[in-house]
Amino acid sequence: MRPSYHRDFKTAPQTSFNADVKPDSLAFALLGAAAAVVRVREGMALPQALAIVFNDTQATPQARGAIQDIAYRAMRKLGWSDALVGIMAPKAPEPMVGALLACALPLMMKDADGSEAYSQFTVVDQTVTAAGAHPDTARAKSMMNAVLRRFQRERKELLETLEGNSVAQWNYPQWWIDAVITAYPKDWQAVLAAGNEAPPLTLRVNARRATVADYLNTLEEAGIAATQVGRYAVRLAKPVGVHQIPGFDDGVVSVQDAGAQLAAPLLDVQNGMRVLDACAAPGGKTCHILELADVDMTALDADAKRLERVGENLQRLGFSAQLQPAEAQHDSWWDGKLFDRIVADVPCTASGIVRRHPDIRWLRRKSDTLQLATLSREILDNLWKMLAPNGKLLFVTCSLWPQESEAQAAVFAVRHGATRLDAPGQLLPTGGAEQNHDGLYYALFQKDA
């Protein structure tokens, strides 16, 4: 290879390299989180990236928790971190260098409650230790130390420099910020801010097993603070591991966002009905429907692996359903028997659940909206022919974009002569005690006989 070509040749980031650092150290967690961030920048969803990191590093449960926390923090502050690095670094950093800085810098800022996950001295020290232990970052060790120490010294001035940089302020791509402003000119700041908050842990009480009042007493006896936030919804004051939640393993409660818990009651299911949950994984709506009535349930999903999770949730709750791995826009799987109720939680940009999946904002492209809306239209049209006369179809998306929600619903109603029934429409994730739910959209249609 000629020298002129050689200097332009860059090897792939060594995201699977196991550095020689203590497995219970912050340096270990920082390297694991940085490896996940690199994979996200390459186009992989964060949960999948973290699963690979956990497998590669054989991280302990405690280390996994630290890696995940740091990676999620990095995603929520990525625009801000990138802007800071752009100011302080002499040139654009290599992928692992940039990712390690993107993981370290947010840890040097206080949380909303004024607390710090780690002292600033510890963050700088452990980031430099991590950098020196990895082949992709060892040469940049001094530069990274200089960047982090400069941020310590010049924090106020550097943050003032970022004023007016909307990507750094809100931590979304500019097209995303513009889309929210266009769709919600009065609420755009609240919507963007809510997407940067960590979501609460909300439970759904199994109506067959307990009342909300009885379950709140159970939580109080266990020393767990919680409040009722919906007909079946209980929100914990502080998140805890699911197996520490009283009754979870026994099927008394499940984890489900308060907004998502509106779906099953809207369907008005009755005993003996034939019901289809299209795009069912991970099964929250499937299970909730079965908690409300004895129905002949089919759970459909294109991802056979994710459909296994539906089966696991059904088993925990003591229910059964036909699990059908197939694409909802096709009918080769269908036996020709009509359904009385159909819930269609269609594929979308997931812009309404970005607080749960902060990587989505960096993975999506503006053109994805049209492509996913086209797929959703095909799914809705296909499912409508499977609906019995007088049957109801519930259209659900976890999107904030009108092209995927209200515009889709309005055109669908006209195209099929469907009767629209009362439904919440667009729910915004704007926070507040009674509005602390994901950004979801609901439209309910009836097929006239």
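The structure displayed is predicted, hence computed values, not measured ones. Position 1 is the first residue of the sequence, and the numbers go up from there. These values consider heavy atoms only, across backbone and side chains, with no hydrogens, waters or symmetry-generated copies.
In this structure, CG in N382 is found 8.5 Å from CD1 in I379, a value given to the nearest 0.5 Å. Interatomic distance, CZ of R361 versus OH of Y172, reported as 4.5 Å (0.5 Å rounding). The CE atom of M109 sits 9.0 Å away from atom CD of Q120, with the distance rounded to the nearest 0.5 Å. The CG atom of D277 sits 12.5 Å away from the NE2 atom of H288 when rounded to the nearest 0.5 Å. Taken from NE2 in H330 to CG in L300, the straight-line distance is 11.0 Å, to the nearest 0.5 Å. Interatomic distance, CG of L236 versus CG of L201, reported as 4.5 Å (0.5 Å rounding).
Taking the side chain as every heavy atom from C-beta outward, L105 and K77 never approach each other to under 4.5 Å. In this structure, L290 and L317 have side chains that are not in contact, with every pair of non-hydrogen atoms separated by 4.5 Å or more. Residues L372 and R364 are in side-chain contact: their nearest non-hydrogen atoms beyond the backbone lie under 4.5 Å apart. Contact of the L427 side chain with the L262 side chain is registered, since non-hydrogen atoms from C-beta on lie closer than 4.5 Å. The closest side-chain heavy-atom distance from P93 to V85 is below 4.5 Å. Proximity of F319 to N313: side-chain heavy atoms (C-beta onward) are nowhere separated by under 4.5 Å. Here the side chains of V97 and R139 are not in contact, with every heavy-atom distance at 4.5 Å or above. Within the 4.5 Å cutoff, no side-chain heavy atoms of T374 are placed close to those of Q371.
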(message) If you apply the rule side chain to side chain contact (heavy atoms under 4.5 Å, CB included), what do you find for L162 with Q169, and how did you get there?
(response) CA-CA 7 Å; L162 296 183; Q169 178 184 359; over 6 Å; no

(request) Determine, step by step, whether V310 and L323 satisfy the side chain to side chain contact (heavy atoms under 4.5 Å, CB included) criterion, reporting the C-alpha distance in whole Å, the side-chain angles of both residues, the deciding distance to 0.1 Å, and the verdict. (result) CA-CA 8 Å; V310 180; L323 302 182; 3.9 Å; yes

(request) Please test T349 against Q403 for side chain to side chain contact (heavy atoms under 4.5 Å, CB included), starting from the C-alpha separation and ending with a verdict. (result) CA-CA 11 Å; T349 55; Q403 304 96 307; over 6 Å; no

(request) Mind running side chain to side chain contact (heavy atoms under 4.5 Å, CB included) on E406 and Y441 for me, showing each step along the way? (result) CA-CA 8 Å; E406 179 54 39; Y441 174 85; 2.6 Å; yes

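Of all the heavy atoms in R76 and N196, the pair that sits closest is CD-O, 3.3 Å. Residues A280 and T286 approach most closely at CB-OG1, 3.7 Å, considering heavy atoms. Among all heavy-atom pairs drawn from Y442 and P424, the shortest one is CB-CD, 3.6 Å. Residue V242 comes nearest to F248 through the heavy atom pair O-CB, 3.4 Å, listed as atom of the first residue, atom of the second, then distance. When all heavy atoms are compared, the tightest approach of A350 to I360 is CB-CD1, 3.5 Å. Closest of all the heavy-atom pairs between R235 and N436 is NH2-O, 3.1 Å.
A donor-acceptor pair is defined here as one N or O able to donate and one able to accept, closer than 3.5 Å; such a pair exists between the side chain of R209 and the backbone of D250. Checked by atom type and distance alone, the side chain of S115 never pairs as donor or acceptor with a backbone atom of D111 at under 3.5 Å. Q256 places no side-chain N or O within 3.5 Å of a backbone atom of V205 that could act as its donor or acceptor partner. Although no hydrogens or angles enter the test, the distance criterion places a donor-acceptor pair under 3.5 Å between the side chain of Q408 and the main chain of A373. Q324 places no side-chain N or O within 3.5 Å of a backbone atom of D301 that could act as its donor or acceptor partner. Checked by atom type and distance alone, the side chain of Q68 never pairs as donor or acceptor with a backbone atom of L50 at under 3.5 Å. Of the possible donor and acceptor atoms, one in the side chain of Q244 sits under 3.5 Å from a partner among the backbone N and O of G241. Panel note: side chain N55, backbone I52; no donor-acceptor pair is recorded below 3.5 Å. In this structure, the side chain of D136 engages the main chain of Q14 through a donor-acceptor pair within 3.5 Å. The closest donor-acceptor contact from the side chain of Y215 to the backbone of P246 lies under 3.5 Å.
Partner D257 forms a salt bridge (charged side-chain N to carboxylate O under 4.0 Å, His left out) with one of R204, K285, R355 and no other, that one being R355.
The pair R39-D359 fails the salt-bridge criterion, with no side-chain N (NZ, NE, NH1 or NH2) lying under 4.0 Å from an Asp/Glu carboxylate O. For the pair E312 and R316, the salt-bridge criterion is not met [side-chain N within less than 4.0 Å of a carboxylate O].
Counting heavy-atom neighbours within 6.0 Å of E42 CD, excluding the residue itself, gives a total above 12. Dense packing is recorded around CD of Q48, with more than 12 heavy atoms of other residues, nucleotides or ligands lying under 6.0 Å away. The environment of Q315 atom CD is sparse: at most 12 non-hydrogen atoms of other residues, nucleotides or ligands sit within 6.0 angstrom. Counting heavy atoms of neighbouring residues, nucleotides and ligands inside a 6.0 Å radius, atom CZ of R155 exceeds 12 of them. Under a cut-off of 6.0 angstrom, the local environment of CZ in R309 is sparse, with at most 12 non-hydrogen atoms contributed by other residues, nucleotides or ligands.
Ring to ring, W176 and W362 are not that close: their centroids are 6.0 angstrom or more apart.
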Give every donor-acceptor pair under 3.5 Å between a side-chain atom in residues 177-189 and any protein atom, sequence neighbours left out.
unit_1 : atom_1 : unit_2 : atom_2 : d
D178   : OD1    : Q174   : NE2    : 3.0
T182   : OG1    : D178   : O      : 2.9
Y184   : OH     : L400   : O      : 2.5

